[in-house]
Amino acid sequence: MNNDKQYFFVDIAHLGDTQLFPFHIHIYNPANGKYNPYLFANSPLTSAKKELLAEIVSRGGKIAIPMKQKRTFLVEQEVKEEDIPDLAPQKIHSLDQRRQELIESKKKTENSPTIISEELKKEEKFHFKEQLANAAASNDFSSLINFVREEVVTFSPRISMMTTMSSLIAEAVLFEDNFTNRTVALSFLLAKGCGITDPESLGDLVCAAYFFHLGYTQLPHSCMNRPQIEYSDSTKKEWKKHPGLSLHLLRKAQIELSQRTKNIIEQHHERYDGQGFPQMKKGSHIEPLALVLGAASHILEYTSGKVSGTATTLPAFILNLKNKTYLPGMEVEFGELIEESLAHLVDTMSSSDQNKKIA
Ligand SMILES: [Fe+2]
């Protein structure tokens, strides 16, 4: 039984032939999800009112008794709690059950001294800077991706549709060190670095990070076979359609997403100075998580060579950003919060690491 419930439902038969009740009777209207008083305590349930009540029930309305009057109802109507289906303990949903198992298994692994040393346990604690710096220095995002996966799979399905979807997607695919999973992991940690830590926001972000480049599948070949800075005007025009195409495909596939997830997808190329697209939104008019995803995807695209044609390393990119050495195609307008998060990363890397990795 849900402990937050304020009412419980009873059948009309549970009212028996009684005419006066020491509890209130309400009606639940499934059409609008509201509870309305029908008969206050100690007011007679006349035959006309009882007939109307039966009519309401036959049309889908439900008789509801306030939870705080449960004891009075059970005693007065001589009904046992187990005879009221709505008072029976709720079955655990399979998603809740799975989540519980994952949390337990994570706890067991963390507490097993034979599997993980104390030192390793310490390393596994969340440290945005260290996690990202290690991934950047080694060009291996596996542990970062697994770290994010462990958190996302335990998002409660009770929070939102997107926390459910993100945890299911994470369980199925968030483990290989591939481009999409790097985008998911980097944007997740960037969001955390910006102080966006609630599962509802992170669930929206993770889902958006899996779907935001679905539109790439509809782009002409000219967008795929050369670096972005070499695009002709017409190719650039086609390429700029990809956020809208992603949303179009999701709509066609009838994949239901939260409004914020759709906003993140649509706005991931908007930039803080208003020079982005498709709507040239500026500053606080842009969904903050769209800036997060935009920064993460740009950094990964740039460092892989998709933007300028020359691959570089994450430390080199960050250092150039810090030194304001802007290379062709490099985007920097993601807002102060994200810049600060990235600046923390620079502080974490040793200068020898940075010098070693600069292309
Ligand atoms: Fe994009």
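These numbers come from a predicted model, not from an experiment. Worth knowing before you read on, the calculation uses all heavy atoms, side chains too, and leaves out hydrogens, waters and symmetry mates.
Leu74 places a side-chain heavy atom less than 4.5 Å from the side chain of Arg71. No side-chain heavy atom of Lys240 sits under 4.5 Å from any side-chain heavy atom of Tyr231. Within the 4.5 Å cutoff, side-chain heavy atoms of Ile63 are placed close to those of Leu15. Between Ser308 and Pro227 the shortest side-chain heavy-atom distance does not fall below 4.5 Å. Gln267 places none of its side-chain heavy atoms less than 4.5 Å from the side chain of His285. The shortest side-chain heavy-atom distance between Phe212 and Ile264 does not fall under the 4.5 Å cut-off. Taking the side chain as every heavy atom from C-beta outward, Pro66 and Tyr35 never approach each other to under 4.5 Å. Between Lys5 and Met67, the closest side-chain pair of non-hydrogen atoms falls below 4.5 Å.
Phe40 CZ: 12 or fewer foreign heavy atoms inside a 6.0 Å radius. More than 12 non-hydrogen atoms from other residues, nucleotides or ligands lie less than 6.0 angstrom from CD of Glu230. Shown here is Glu336, whose CD atom has no more than 12 heavy atoms of other residues, nucleotides or ligands within 6.0 Å. Under a cut-off of 6.0 angstrom, the local environment of CG in Asp233 is sparse, with at most 12 non-hydrogen atoms contributed by other residues, nucleotides or ligands. Other residues, nucleotides and ligands contribute over 12 non-hydrogen atoms within 6.0 Å of the NZ atom of Lys50.
Atom-to-atom distance recorded for Ser258:OG and Met165:CE is 9.0 Å, nearest 0.5 angstrom. Annotation: the span from His298 atom NE2 to Gln228 atom CD amounts to 8.5 Å, rounded to 0.5 Å.
Smallest separation of non-hydrogen atoms from Ser201 and Ile196: CB-CG2, 3.6 Å. For the residue pair Val173 and Asn181, the shortest heavy atom distance occurs at O-ND2, 2.9 Å. Heavy atoms only, all atoms of each residue included: Pro22 and Ala41 are closest at C-CB, 3.7 Å. Heavy atoms only, all atoms of each residue included: Ala209 and Val184 are closest at CB-CG2, 3.8 Å. Taking every heavy atom of both residues into account, Asp177 and Phe141 meet most closely at OD2-N, 3.2 Å. Across all their heavy atoms, Ala316 and Thr312 have their closest contact at CB-OG1, 3.3 Å.
The pair Lys70-Glu81 meets the salt-bridge criterion, since a charged nitrogen lies less than 4.0 angstrom from a carboxylate oxygen.
A continuous path of ILVMFWY side-chain contacts below 4.5 Å connects Phe317 to Val332, so both sit in one hydrophobic cluster. Clustering ILVMFWY residues whenever any of their side-chain heavy atoms sit less than 4.5 angstrom apart, transitively, puts Met162 in the very cluster that holds Ile255.
For the pair Lys306 and Phe179, the distance from NZ or CZ to the six-membered ring centre is under 6.0 Å and the angle to the ring normal is within 45 degrees.
Side-chain polar atoms of Asn263 and Gln259 form a donor-acceptor pair below 3.5 angstrom. A donor atom on one side chain and an acceptor atom on the other are not found under 3.5 Å apart for Asn178 and Thr180.
Remark: the backbone N or O of Pro157 is paired with a side-chain donor or acceptor of Thr164 at under 3.5 angstrom. Here the side chain of Glu270 pairs a donor or acceptor atom with the backbone of Lys281 at under 3.5 angstrom. A donor-acceptor pair under 3.5 Å links the side-chain atoms of Arg149 to the main chain of Glu171, judged by distance alone. Side-chain atoms of Glu238 never come within 3.5 Å of backbone atoms of Leu219 as a donor-acceptor pair (strictly under, hydrogens ignored). Judged by distance alone, with hydrogens and angles left aside, the side-chain atoms of Asp11 form no donor-acceptor pair with the main-chain N or O of Ala13 at under 3.5 Å. Side-chain N or O atoms of Tyr38 include one that pairs as donor or acceptor with a backbone N or O of Lys49 at under 3.5 Å. Looking at Thr163, its side chain never comes within 3.5 Å of a backbone N or O of Gly203 through a donor-acceptor pair.
Each of Phe9, Phe8, Tyr7 was evaluated against Phe73; a single residue qualifies, Phe8, per the ring-ring contact (aromatic ring centres under 6.0 Å, His included) test.
Ring pair His213/His269 is parallel by interplanar angle, where below 30° counts as parallel and above 60° as perpendicular.
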Handout entry: Candidate pair Lys62 and Asp86, rule salt bridge (Lys or Arg N to Asp or Glu O under 4.0 Å), full reasoning
Key = CA-CA 11 Å; Lys62 291 184 173 182; Asp86 199 36; over 6 Å; no

Exercise for the section: Would you please test Thr183 and Leu293 for side chain to side chain contact (heavy atoms under 4.5 Å, CB included) and show each step? Expected result: CA-CA 8 Å; Thr183 310; Leu293 180 58; 3.9 Å; yes

